Structure formats: C-alpha cells, structure tokens
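Below, read A as the first sequence line, B as the second, and so on, with proteins coming before strands; counting in each chain starts at 1. Only a predicted model underlies this, so the values are computations on that prediction, with no experimental measurement involved. Side chains are part of it too, since the values below use all heavy atoms of this structure and drop only hydrogens, waters and symmetry mates.
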Amino acid sequence: MPLHRYRSHTCGALREADIGQTVRLSGWCHRIRDHGGVLFIDLRDHYGLTQVVADPDSPAFKLAETLRAEWVVRIDGKARRRPAGTENADLPTGQVEIYIEDIEVLGAAGELPMPVFGDQEYPEEIRLKYRFLDLRREKLHSNIMLRGAIIDSLRARMKAGGFFEFQTPILTASSPEGARDYLVPSRVHPGKFYALPQAPQQFKQLIMVAGFDRYFQIAPCFRDEDARADRSPGEFYQLDLEMSFVTQQDVFDAVEPVIRGVFEEFGKGKSVTPNFPMIPYAEAMTKYGSDKPDLRNPIVMQDVSAHFRGSGFKIFANILANDPKGAVWAIPAPKGGNRAFADRMNSWAQGEGQPGLGYIFWREGEEGGAGPLAKNIGPERTKAIADQLGLGIGDACFFVAGKPKDFVRFAGLARTKVGEELNLIAQDRFELCWIVDFPMYEWSEEDKKIDFSHNPFSMPNMDVDEFLALDPNDHEKLLAMKAIQYDIVCNGTELSSGAIRNHRPEVMKKAFAIAGYDESVLEAKFGGMLHALSLGAPPHGGIAPGIDRIVMLLAGEENLREVVLFPMNQRAEDLLMGAPSEATPKQLKELHIRLELPKK
RNA sequence: GGGGGCGUAGCUCAGUUGGUUAGAGCGCUGCCCUGUCACGGCAGAGGCCGCGGGUUCGAGUCCCGUCGCUCCCGCCA
C-alpha cells in the first residue's frame, strides 16, 4: 500500500511494536545534533517528538546536513530499535528511531527571531509579534490545548445541568452603565454606532423573559479599558449563564459543582474547596482587606482600636480620638518576629506610598514586645494585643490606622505581602469561596451622589414594598442596603460575578431614581429591557465565570496572555496582525467619519 | 492620565568609580567529529549600547528630555 502523501504516523505514535516498519513522518526539525558521521534530528509535530537519524550510508545524508531548526520536512525511513543504552526514557517514542532514507523539505525557515527549542523567556513584544513561533513551544502549546479541554468540560457540565447554549449578537447597542464601549460606526445610519457587548447581560435576561429557562454561552465580551496581568485588553470570554425561577441558592447549587468540577478535573491533584464558604462582603473587607481574598493565606486581620485608644502612641491615639470612624487594624505575622523582617515590611510600605507600617514583635527575653510601638504603649497593652491575636514569642504584628475605607486596600496588600514573605500561602490548593451581600449603592465622591455599587441589574435584598418606600435622601440606609449579588473568588482572583436580577419594572425605576437617573434616561438607554420586564418577566438570575482566568489558574500562569491564542499587548495592539490600523479615506467617507486627531 | 522596572549582537544577558579595540551563552557561517538527546571541539561574521540633548579631556556608565515594552494605580455592569 502506498504511503500517505505526508505521513503514515504522527511524531508521537511510534512504539516498540512498530519496529521494522517503513514509515513516513512530517514535522518540524526541533533539535539537530550533527556528529559528522551520524546526525540526529528530533522531529516534532503536535503529537510528539521522534528521533530520526542518518549516517553517510543514507541516500539522504547530504540533504540532512543542510537542515536547520524549524524547517518543516517529510521523512521516509525504517523504524528501528535504538541501540542498547541509547534509549530515551523521557520520550514516549524513546525506544525507537527512524533511519532516514528520504527527505523532502516542505517548508524552509530563515534565522529565527526566537528559538522554539528550550524554555528561555523572551520579551512580550517578540513573543506577540511571532506568536505562531511562541505557540509551537511546549508550554504555550499545552496551555492552549488545556484551554480547549476546559471549555469542552464546562460545556458538557452545563448541558448535563440542563442548560442550553444560545448565541447572542456581537453588533448591538451601547449599554447604559459600566465600562467604556467599543463602537462600530454604522454606514447605513450616518452618525450612529453599534457597540460590541461588554457582556450579553440584557440578551440573556431577554432569553429568560422569552421563556427558555436555562441559558448558557461561551461568550465573547468586549470592554475598552486598560489592561492588567489578569485583565485582557479588549476582549475576553465568559461562561455566561442565566436561570429562571431561582433564588441565589439555586444559582449556587447549579454553578458550584461546575466550577469545582473543572478545578478537580484539571487541577493536577491540587486540593479544591469541597464546599465554597459564603463570606459577606463586609466580613471579607475587615478580615482580608479585599473582596477577592486569597484564602490560602491564613492571616486574618482584626480591629485592635481599643488597645490604642488613649495610649502613649500618639499618632494612633489621636486618629482614634479625632475621628469617630477612625480605627486601628492588626495584621498578625506568625513567625515574623524579628526586626529585619519588620523593617523590610516598613520599607515596603513606604515604597507603596504609605508613611510607614507600625509593628510589634515578640522575641525571647522580651515577652512585653519589642519595637518602638510597644515601648510607646507599654507592656500591658502590648500583651492584650498579643492575647487578642493569639500571638507569642517569635511572632510579629503590623498595624494600619485611619479610616478603614481609606486604608483597607493597603491593609489587604500588606496581608498578602506578609503571607508571601513568610511563605504562609499554600501552593498546593485551590481555595474557592462565594462573596455575598454586596452593597447595592455607594457614595460617588466624584459626582457627590449615591450611585450603583456594581451594576444596576441586581435585585435589592429587601422587601419590595419597603424598597419602593425608601427615601432617596436617607443616605445612611441606602448605603447600608445589600443587593442580591455575588462573586466567586479563587486564590485571590475574582472568577465571576453574578446576581439575582431586578425583574420588576417599578423596582427598576425606583433603583435608578435613587441613583439620580431620570426616568427618561432609563427609557432611552434601557427601554427595550424595561418593556420586556413589564410584559411578564420571570424572576431570574445568573452569573458569568471568566474562562480566561479559570484557565490561567489551572495552567498555573500569572498572565492571561499565556492562555490566550492571539492576545493583544498592554496597549491593546495586535502586533502580529497589525491592529488597530488606519482606515482608508474611502472607508471613512462611506461611514461619514472625519478624523480629528490629537496634535502631536 | 500617574508611578515603578526594563531597553547593550538575531535572542538571553554581563559590563566595576566615567578611561585602551564593548564581552559571554544560544543562534548564524566555515571546518572537525559514527550514538547524541541542552552533543562536543576549532575558527569566523555580527553592535547608532532605544532616540535626542547636556556635563566632561573622555559617556554604555552621570544629568535632562523623549520613545517603546512591562507591572501597578486610576479605570474595569
């Protein structure tokens, strides 16, 4: 039987049982070792690596000597057993090699801007510009395959849970709240624009109003905001889902097994939280200084204001005396009880723009506590602090003071920093939790008014009649009320955000009125949705886990670019495709657009 | 928009207090090598030290500006 044009086997297929066969392989020259008299090539394709070998007796020897890294070649030859002692136990194909009888160059390669072989790190700019080379490399190649497998698994789990997959529009209308939109000019309607969806939020709610009951989608989302390591510029994917006739607990019961399931399936043996604890937002902020706490870090902060009120440490005592909202929080640092560590943390804090970081540490012979702060408040107060926090000899504690809302972000950073510095963060687990009871509203310092804390689609967690009767000027009550909104957090990364939606038009109008939005604004921006809700809308809710972040955690990566096929750089440019790019005058004319570029 | 880090050979990096002709590894070119799997050995080519200005007898090194990449803050329903 004639051989296939390109291959009889893949580069990962051959085993001892194939010895003696004439085979044909095609792939990339991964690594070439030329010994003069004998020449080895590791031939690589998607499936693996096979060693092919030539010596001067081979008719292809002369050609083999001209091959270079990353050339694509077809190799014909005989599969044979490697000589005793030269097997490679690290390769599945390591028992065999191909003796080359014929070579065809299918695609030559010039000098490479970055090698495919090895695990040397390269700058982002080169990696992104030559993404196709980077993707040949083992790590990235396997990350992308992992991504595909995770998405398959998510999809299968959702279908098994009775969810059905829908597609929603990409060209749609601008959304009233949230991030900056990507706009697409309309040719047919001069001066008007489509927006790319920041999430299929309104569509999935409309799907519920349309009676489909359980929706999901591997949904692309577009937001024109600046990037972070865990926030792709431009676009990202969510496992978007929505359910009708559900309470918060029903959503949790549907989603938690899916998330836990993929973490267990792809977590490479790392432990996964068996039941996600529910942590109220306010508790997360006071204990961990963050609404996305890393629960692998055992440090729990505590309020220790009482021990500093009227104490000899005037800075803290004055804060507490002069500001009714003032507080002192403690960040315990077990086993951190030495001056070098305390000083290092203090300089770190100064580098973060803080005046410093107060500390006490306890060491042998100084049971009363050491450090300037301990001296100022005296041994009794120092002991009381140690007792409250359960600290003793060998431990330390750091303190932040002021208004909690001003220092909480820094306190959370300090908690993380202490955990990292003292190696307290367990690396072998995925710690997941629900954050619940988010505030419905917050005070906008910029606009000097009450505004939605997260999004305007959430149902207030309050009796409807009571909510409708709320006084928009009762700021204290408004700022204290919660929305039925929740997040999933894993190892300090926010994985998803969801809510039971506000499906009652009168509640929606009231919610917007409280935030100072006139009913006409609501009608103009949100009219379609509002009408849908007034023509028989079921109670519904959902959530949208971020797929890129899930894959990032499961791949053990710290940057989303490592799990996205063709990512953009931090300035939202695609260096490979050259996007964004200028439009031609003809295109602009058709779109009725005249450019007014910033002066340079 | 703001702050930190980085920018030296195709790539990864070193480069002392400012002082001769700017170095190493990988890659590339040539030669040698019959069992390697990060093969080995010899020789060679390859530099606007991001760019512009300044200080100096002399700048990769110090100062100012600027550009690029990145991390963070702002921003992110």
Side-chain angles (χ1 to χ4, degrees), chain A residues 30-44 49-58 61 65-66 68-70 82-91 93-94 97 99 109-130 133-134 174-181 197-202 205 221-234 236 238 240 351-353 409-410 413 438 446 451-458 483 485 487 494 497-499 501-502 515 525-526 544 546 558-559 561 569-571 573 575 600:
Chain A
H30 186 62
R31 192 75 177 157
I32 299 170
R33 296 176 293 280
D34 185 350
H35 291 234
V38 60
L39 175 140
F40 302 96
I41 300 168
D42 293 331
L43 198 65
R44 183 197 74 237
L49 220 59
T50 299
Q51 175 167 283
V52 302
V53 55
D55 63 25
D57 297 333
S58 163
F61 186 69
E65 285 189 306
T66 67
R68 291 292 175 268
E70 295 307 305
R82 292 199 186 190
T86 66
E87 302 88 351
N88 186 342
D90 295 335
L91 287 181
T93 62
E97 63 187 15
Y99 182 74
E111 188 171 350
L112 301 168
M114 58 175 284
V116 172
F117 174 81
D119 50 11
Q120 173 76 55
E121 303 221 25
Y122 293 92
E124 292 290 342
E125 196 171 0
I126 301 231
R127 294 183 58 197
L128 293 176
K129 186 166 179 188
Y130 300 98
L133 286 180
D134 203 14
S174 180
S175 197
E177 285 282 321
R180 194 176 293 113
D181 284 317
Q198 298 180 25
Q201 178 67 33
Q202 294 188 61
Q205 292 193 238
C221 304
F222 304 90
R223 295 176 192 175
D224 187 5
E225 296 292 350
D226 289 342
R228 291 289 184 280
D230 64 351
R231 210 164 78 204
S232 292
F236 60 97
Q238 290 186 330
D240 195 42
E352 291 289 312
R409 201 191 73 81
F410 170 71
L413 278 182
F438 279 85
E446 192 181 336
D451 208 345
F452 290 109
S453 178
H454 276 75
N455 73 57
F457 305 97
S458 307
Q485 157 147 17
D487 281 2
E494 180 189 317
S497 205
R501 316 299 172 188
N502 188 342
K525 286 288 191 181
F526 217 10
E558 308 245 307
N559 193 301
R561 280 189 293 264
N569 69 7
Q570 196 177 40
R571 296 184 51 197
E573 296 167 312
L575 298 176
K600 199 57 205 153

Check the distance between B:C69's P and A:Leu575's CG and give it to me in whole angstrom.
-> 8 Å
How would you list, by chain and number, every residue that makes a side-chain hydrogen bond (donor to acceptor under 3.5 Å, both in side chains) with A:Gln201, sequence neighbours excluded?
-> A:Gln205
All salt bridge (charged side-chain N to carboxylate O under 4.0 Å, His left out) counterparts of A:Arg44, not counting sequence neighbours | A:Glu70
What interatomic distance, in whole Å, is found between P of B:C63 and the corresponding atom of B:G18?
-> 10 Å
Determine the interatomic distance between C1' on B:G50 and the same-named atom on B:C67; round to the nearest Å.
-> 8 Å
What interatomic distance, in whole Å, is found between C1' of B:G2 and the corresponding atom of B:G19?
-> 40 Å
Say you pick atom C1' in B:U16 and the same atom in B:A38; how far apart are they, in whole Å?
-> 32 Å
Mind calculating the distance between CD1 (A:Ile41) and P (B:C39) to the nearest angstrom?
-> 13 Å
Which whole-number value in Å describes the distance from A:Asp90 CG to B:C37 P?
-> 12 Å
Looking at the side chain of A:Thr86, which of B:G10, B:C69, B:U36 is the nearest nucleotide?
-> B:U36
Nearest to side-chain heavy atoms of A:Ala229, which nucleotide of B:U36, B:C69, B:C71 | B:C71
Are OP1 or OP2 of B:C71 and a side-chain N or O of A:Asn559 less than 4.0 angstrom apart?
-> yes
Establish whether the base of B:C69 is bridged to the side chain of A:Asn569 by a donor-acceptor pair shorter than 3.5 Å.
-> no
Reckon A:Arg33 has a side-chain N or O less than 4.0 Å from the OP1 or OP2 of B:C39?
-> yes
Residue mapping more 5' on RNA chain B - nearest nucleotide basis, A:Ser453 or A:Leu128 | A:Leu128
Please report, rounded to the nearest Å, how far the P atom of B:G7 is from the OH atom of A:Tyr122.
-> 17 Å
Side chain of A:Ile126 only, please: which of B:C37, B:C69, B:C11 is the nearest?
-> B:C11
Pairing partner (Watson-Crick or G-U wobble, both distances under 3.5 angstrom) of B:C6 = B:G68
B:G40 versus B:C26 - spacing of their P atoms, nearest Å | 7 Å
Atom-to-atom span, CZ of A:Phe117 to C1' of B:U12 - whole angstrom = 15 Å
5' precedence on RNA chain B between A:Glu87 and A:Met114 (nearest-nucleotide basis) = A:Met114
Using atom CG of A:Asp226 as one end and atom P of B:C75 as the other, report the distance to the nearest whole Å.
-> 11 Å
Side chain A:Glu97 and base B:G35 donor-acceptor under 3.5 Å | yes
So, does the side chain of A:Gln51 form a donor-acceptor pair with the base of B:U36 at under 3.5 Å?
-> yes
Could I get the full list of side-chain hydrogen bond (donor to acceptor under 3.5 Å, both in side chains) partners for A:Ser232, not counting sequence neighbours?
-> none
When rounded to the nearest Å, what value does the distance between P atoms of B:C62 and B:C69 take?
-> 24 Å
Return the nucleotide paired to B:G18: Watson-Crick means purine N1 to pyrimidine N3 with N6-O4 or O6-N4, wobble means G-U with N1-O2 and O6-N3, both under 3.5 Å.
-> none
Results of salt bridge (charged side-chain N to carboxylate O under 4.0 Å, His left out) for A:Glu225 - residues two or more places apart only | A:Arg180
Would you say the side chain of A:Arg127 and the base of B:C69 hold a donor-acceptor pair, judged only by whether the two atoms sit under 3.5 Å apart?
-> no
Which whole number of Å gives the distance between the P atom of B:C71 and that of B:G35?
-> 47 Å
For A:Phe236 and A:Gln198, which heavy atoms make the closest approach, and how far apart are they?
-> CZ-O, 4.4 Å
Pairing residues for A:Arg33 by the salt bridge (charged side-chain N to carboxylate O under 4.0 Å, His left out) criterion, not counting sequence neighbours = A:Asp42
Which atoms form the tightest heavy-atom contact between A:Asp55 and A:Tyr99, and what is the distance?
-> OD1-OH, 2.6 Å
With no angle test and no hydrogens, is the base of B:C75 tied to the side chain of A:Arg231 by a donor-acceptor pair under 3.5 Å?
-> yes
Assess the side chains of A:Asn569 and A:Glu125: does a donor N or O sit below 3.5 Å from an acceptor N or O?
-> no
For A:Glu558, does the CD atom have more than 12 heavy-atom neighbours from other residues, nucleotides or ligands under 6.0 Å away?
-> no
Heavy atoms under 4.0 Å, any strand shown: does A:Arg501 hit a base, just sugar-phosphate, or nothing?
-> nothing
Nucleotide by nucleotide, 5' to 3', does protein get under 4.0 Å of the base (B), only the sugar-phosphate (S), or neither (-) in nucleotides 24-34 of chain B, counting heavy atoms?
-> ---BSS---BB
Rounded to the nearest 0.5 Å, the CZ atom of A:Arg31 sits from the CD1 atom of A:Ile41 at a distance of 12.5 Å
Nearest-angstrom distance, P atom, B:A24 to B:A43 | 12 Å
Whole angstrom is fine here: how far is it from CG in A:Asp230 over to P in B:U70?
-> 15 Å
Send over the distance from A:Ile32 CD1 to B:U36 C1', rounded to a whole Å.
-> 13 Å
Looking for any heavy atom pair under 4.0 Å, which part of the strands does A:Ala199 touch: base, sugar-phosphate only, or nothing?
-> base
Please determine, for B:G30, whether a Watson-Crick or G-U wobble partner exists with both distances under 3.5 Å, and give it or none.
-> B:C42
Of the nucleotides B:U12, B:C37, B:G68, which one has an atom closest to the side chain of A:Arg571?
-> B:G68
